[in-house]
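Only one structure is covered here, and it is reproduced in the block below.
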Amino acid sequence: MDILTDILQSAGLRKSLLMKRAIYKPLAIKFPCEMSMGFHAVAQGEVYLRSQGIKVPILLKRGDIVMLKRGLSHEIATDVKTKAQNFSDIDFPQYENRIPLVSIVSGVYQFQTEPIHPMFSEIPDLMIIRAEEIPSHSALYIAQQLLSAEVGNSGPGSDAITRSLLDVLFHYIFRDWLEKRESKTSSFSQALKDPNLKKVITAVHAEPSKDWNLENLSEVAGLSRAAFAQKFKKITGDTPAHYLARIRIQKAMDMLRATNDGLEIIAEKVGYGDSFVFSKAFKRILGVSPKEFRKEIA
């Protein structure tokens, strides 16, 4: 079971290529991100990242990659002063035999339901990976180089290739962040580095509908019940039961959005005995009933 993929898919992640452009004159572009994470890879030149949440514009150079947390609207600009325009209002002319001022690839990753997994609360506003920080032998470097090469390519399948490479890069950035993240407080990312807890997290993501309890979860972890419960709480800041409930409810949210299944069917699919128990757990975590949630997103 790929835990990261399951977390993202359960939140209804939808990816798309937002922009693959060569820019030949001073320009600033607005990227509204109320419901999505923004992603930019600089293939050529330099750009500035501007946002109300950033006091000083951040310079991004060739080979730099930045991902922005969901909800952080921002601007990408060739300089610090040019007034930003909405992406949809900009004409991007193409010129043969001219070197662009900037070449950039931007993607958007929208969540169809509110992401409630604890990992999302740990994501920083900005994830910046500088070109010089990426080892030349790493998979991240190779993916970034392939993406940069594809920016100026108008050959058959170019957009499809770029979308695929954006997806690869997106996951490599997450992997890099999860592996490097250090936390002095309780966190989900720290739990993934603990071999006992990672076994448990992998198991419940693989089979969220299984009749999990403290006894069989501790067996998966290879610890006593008391030792497992204490360790899980200390490292994640959560109880095993509540973590399992959040996984189940996130999957249920996606089913309520994407299917016409009744509450009894959804309850069974995510591991609850009946719709009453399911509805009670759903409201405890989200503050609304499954029926109310379905109406809100309809």
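As the structure is a prediction and not an experimental result, all values here were calculated from the model.
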Tell me which pairs pass salt bridge (charged side-chain N to carboxylate O under 4.0 Å, His left out) where either residue lies in [range], with sequence neighbours left out.
range            : result
residues 126-143 : D64-R130
residues 266-275 : D261-K269
residues 106-128 : R70-E114, E122-R181

Say you draw a straight line from [atom1] of [X] to [atom2] of [Y]; how long is it, rounded to the nearest 0.5 Å?
X    : Y    : atom1 : atom2 : value
F174 : I7   : CZ    : CD1   : 9.0 Å
T202 : D6   : OG1   : CG    : 10.0 Å
L27  : D91  : CG    : CG    : 10.5 Å
H242 : I249 : NE2   : CD1   : 9.5 Å
L286 : Q250 : CG    : CD    : 8.5 Å
F228 : K233 : CZ    : NZ    : 13.0 Å

Between [X] and [Y], is any pair of side-chain heavy atoms under 4.5 Å apart?
X    : Y    : value
K251 : I247 : yes
I23  : P100 : no
T259 : D254 : no
H40  : F31  : yes
L49  : L68  : yes
F232 : L217 : no
Q144 : I65  : yes

Q.
Other residues, nucleotides and ligands only: do more than 12 of their heavy atoms fall within 6.0 Å of CZ on R257?
A.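 For R257, atom CZ is crowded (more than 12 foreign heavy atoms under 6.0 Å).
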
Q) Counting only heavy atoms not in N86, do more than 12 fall under 6.0 Å of its CG? A)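 Above 12, so yes.
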
Do [X] side-chain atoms and [Y] backbone N/O form a donor-acceptor pair below 3.5 Å?
X    : Y    : value
S138 : P135 : yes
S218 : E215 : yes
N216 : N213 : yes
W177 : Y172 : no
R294 : L256 : yes
H74  : L72  : yes
E292 : S289 : yes
S103 : A43  : no
T236 : S187 : no

Q. Just by distance, with hydrogens left out, do S164 and D167 show a side-chain donor and acceptor under 3.5 Å apart?
A.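 Result is no, nothing qualifies.
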
Q.
Using a strict threshold of under 4.0 Å (side-chain N to carboxylate O), is an ion pair present between D194 and K231?
A.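 Yes.
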
For a quick test of reading the model, state the closest non-hydrogen atom pair linking [X] to [Y] and the distance between them.
X    : Y    : result
L166 : G107 : CD1-CA, 4.1 Å
I116 : R246 : O-NH2, 2.7 Å
L192 : K198 : O-CD, 3.3 Å
L169 : A143 : CD1-CB, 3.8 Å
L197 : A191 : CB-O, 3.7 Å
A252 : I266 : CB-CG2, 3.9 Å

Joint hydrophobic cluster, [X] plus [Y], side-chain heavy atoms closer than 4.5 Å:
X    : Y    : result
M127 : L147 : yes
F120 : I201 : yes
I134 : F39  : yes
V80  : I104 : no
I54  : L59  : no

Q: Verify side chain to side chain contact (heavy atoms under 4.5 Å, CB included) between T82 and D79, making sure each step is shown before the conclusion.
A: CA-CA 6 Å; T82 298; D79 57 80; 2.6 Å; yes

**Q.** Shared-cluster residues of I265, by chain and number - hydrophobic side chains joined below 4.5 Å
**A.**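 Traced through the cluster, I265 reaches no other member.
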
Indicate every side-chain donor-acceptor pair of residues 275-283 with a distance under 3.5 Å to a residue at least two apart or in another chain.
unit_1, atom_1, unit_2, atom_2, d
S275, OG, E264, OE2, 2.9
S279, OG, S275, O, 2.8

Q: Would you sort out whether E296 and V288 count as a side chain to side chain contact (heavy atoms under 4.5 Å, CB included), showing the intermediate values?
A: CA-CA 10 Å; E296 288 177 0; V288 295; 3.9 Å; yes

(Q) Test: side chain to side chain donor-acceptor pair (under 3.5 Å). Region: residues 42-63. Which pairs qualify, not counting sequence neighbours? (A)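 Non-adjacent pairs meeting side chain to side chain donor-acceptor pair (under 3.5 Å): R50-E75.
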
Q) H171 and L8: side chain to side chain contact (heavy atoms under 4.5 Å, CB included), yes or no, with the steps? A) CA-CA 10 Å; H171 286 83; L8 295 173; 3.7 Å; yes

Q.
Test side chain to side chain contact (heavy atoms under 4.5 Å, CB included) on V204 and K210; report intermediate values, then the result.
A. CA-CA 8 Å; V204 297; K210 184 174 178 177; over 6 Å; no

**Q.** R248 to Y272, cation-pi by 6.0 Å centre distance and 45° axis angle
**A.**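 So R248 does make the cation-pi contact.
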
Q.
With a 6.0 Å cut-off on the ring centroids, do Y243 and H117 count as close?
A.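 Yes, the ring of Y243 comes within the 6.0 Å limit of the ring of H117, centre to centre.
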
